[in-house]
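No experiment lies behind these values; they were computed from the predicted model shown.
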Amino acid sequence: MKRLLGVALGVLTAIGGFVDIGDMVTNALVGARFGLSLAWATILGVLGICLYAEMSGRVAAVSGRPTFDLVRERLGPRAGLANLVASSLVTLLTFTAEIGGVALAFELATSVNYLLWVPLAGLAVWLVIWRVRFTVLENLFGLLGLALVVFGVAVWKLGPDWAGLLHQIVRPAKPAEEDWPTYFYYAVGLFGAAMTPYEVFFFSSGGIEERWTEKDLGTARANVFLGFPLGGLLSLAIAAAAMLVLMPHSIEVSTLGQVALPVAVAVGKIGVAVALLGFVAATFGAALETGLSCGYAVSQYFGWQWGKYVRPREAARFHLLVLLATITSVAVVLTTVDPITVTEYSVVFSAVALPLTYFPILVVANDPDYMGERVNGRLTNTLGTVFLGIVAIAAVAAIPLMLVTKAGQ
Amino acid sequence: MRASELLGKEVRDRDGTPVGVVTDLRCVQDGPPRGHLAALRVDALLISRAHSGTLLGYDRGRSQGPALLRAIVRRLHRGARTIDWDRVSRYDGDAVELDLSLGPVSPGD
Amino acid sequence: MTAGRTLNLNLHLLDRQVVGPDDRLVCKVDDVELEPDESGRLVVTAILVGPRALGPRLGGRLGRWTAAIADRLAADRDAGPHRIDMRVVTEIGSAVRVDRTREDLAVAPLEQWVDEHVVRRIPGSRHESE
């Protein structure tokens, strides 16, 4: 019974923790402009992250080695360093977006300008990383993130034509007023939002923080195969809500308030309060994860002691990295760049960095020296290779599409 | 010397023909004990025409998945061969020199 | 002891994580030292650690700069990179295990510097939050 509760907790945490500022903004934006005609991209992204998170979690549980340790070991120091720089920059960009998101969420809740919240958000994020236990950090914000279920409630209350919604998902039809490059640009964005690189670093490093062994593989898999898809469903709910409320009035999403608007219309004030709680939990939780990931990646490349499972004085360089990443992110947001814009760029660049991260994981998950008998099965390998192809295409197409469509104008 | 000074170094046969670069150094744990373990002694060179680094582990003769990656890596590194260390006449110059003739590395290898 | 076992330096030893007796992470195998024995065979004598070891492996200008800067900052210029003699290695598997701690091996001066000048000054640094 206790084990079942543990698994349930893990699944719930995974659901609530799945959505971050990138998912919220991109899905709302796309829902308002394209309806559910791009839902396939979100679904594909969710499948991809399930596949690769399972692999990286299995590698961490069986071999005790986290992702970036293995990136350098497999690719060599030179290619590994290029990989590290690219992945770290993207993760730092995502961290910046999340800090901005936290500040925007507080602005929505209090009407105090977001810039005043930014340093506070940075300090709070850093303090939690510094002092709060890893399992508490994970579980608390993951569970609070379940508040975003209010978007599902909103969709239900809006009484949509369910058959019609399903039809849009399975038979996508690009809206006539949008052109194909823009359509695919946002497909890449949704993909990047669902499969952000930091998630695999964090999942594998988190597994080691929580001392996973082979016995925990069942729990890890439940988190991934139940939690992530249901979390993806929340993303789709955000898109559907935007479609139902914003699209008929041609309202485009450019602020966090507009993301919450459908909930205000469908569920009222209480719904908005719940949505705000969800926003804060999701962005704060993701800020913790990306901040930690900035430290994880560099430390694991160089072989430095990392993690919250040791005293900070034993992992001094790791904690300095997290501190520097936090200061940098706060500084960037304080330049008054629009956090929504930062978010939009972060998901596109995430898509560009994906093959770098996923390729070594696929290789290592097949290596019997690390995995023993737990190497990939043929199905996993087939799917893994197919997805590697897809992310490679998305990565190559991302920048040209961004330039051609002027970032989705 | 350091392993990095040998890895990536050009390899030439007795006639001076370049036959590839050193991609790895095979060692056997057959030396006298050094601390807890028997000493590792270099007993062969792995060379390949391709300059990209490690073969990602696909050179170990097992059928390690995924199949497509294995096929690509093998193709890039076709012509990879193992040369016994006894055949090395010199390794401290600008190239590793072998004491046998290999001729150009052919694709069929 | 695993006598007669074969391994490839690049594949099995280089860039592997070095782990201490308390399961604490020490460093990475940045390079490996080879010395000829009486019969002329090259023997793996030590693991080399740090920017002076890793720099040359990064290749090109970046590698040369890294090594040059590290040389400038080094306390003892002639000593070469930090060295972990193979006699402290107990196992070569998915990680390389050694019987000394990171502090004993003295291969991470940056960690010590950061600890002393930054982390120690922040309240709460002495206790793990786990």
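Considering only heavy-atom pairs separated by less than 4.5 Å from chain A, the leading option among C:Leu54, C:Leu62, C:Asp23 is C:Leu54. Ranking C:Glu116, C:Gln17, C:Glu111 against chain A, the residue ahead of the rest is C:Glu111, based on heavy-atom pairs under 4.5 Å. Chain A forms more heavy-atom pairs under 4.5 Å with one residue of C:Val29, C:Val118, C:Val49, C:Leu110 than with any other, namely C:Leu110. Most heavy-atom pairs under 4.5 Å with chain C, from the set A:Arg65, A:Arg313, A:Arg78: that is A:Arg313.
Using a 4.5 Å cut-off between heavy atoms, C:Pro51 makes no contact with chain A at all. With a 4.5 angstrom heavy-atom cutoff, C:Val26 touches chain A only via backbone atoms. In this structure, the portions of A:Arg72 lying under 4.5 Å from any heavy atom of chain C include both its backbone and its side chain.
With rounding to the nearest 0.5 Å, the separation of CG in A:Leu75 from CG in C:Asp15 is 10.0 Å.
Counting only heavy atoms from C-beta outward, the side chains of A:Asp69 and C:Lys28 approach each other to under 4.5 Å. Side-chain contact between A:Trp304 and C:Leu25 is absent, with no heavy-atom pair separated by less than 4.5 Å.
Between the side chain of A:Gln305 and the main chain of C:Arg24, no donor-acceptor pair closer than 3.5 Å is present. A distance-only check finds no donor-acceptor pair linking the side chain of A:Glu73 to the backbone of C:Arg16 [under 3.5 Å]. Judged by distance alone, the side chain of A:Arg131 and the main-chain N or O of C:Ser125 form no donor-acceptor pair under 3.5 Å.
When all heavy atoms of A:Ser63 and C:Ser94 are compared, the closest pair comes out as O-OG, 3.8 Å.
The contact list for residues 291-302 of chain A toward chain C, using heavy atoms and a distance under 4.5 Å, reads A:Gln300, A:Tyr301, A:Phe302 by residue number.
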Please test C:Asp115 against A:Arg317 for side-chain contact (heavy atoms from CB on, under 4.5 Å), starting from the C-alpha separation and ending with a verdict.
CA-CA 7 Å; C:Asp115 175 38; A:Arg317 290 167 293 188; over 6 Å; no
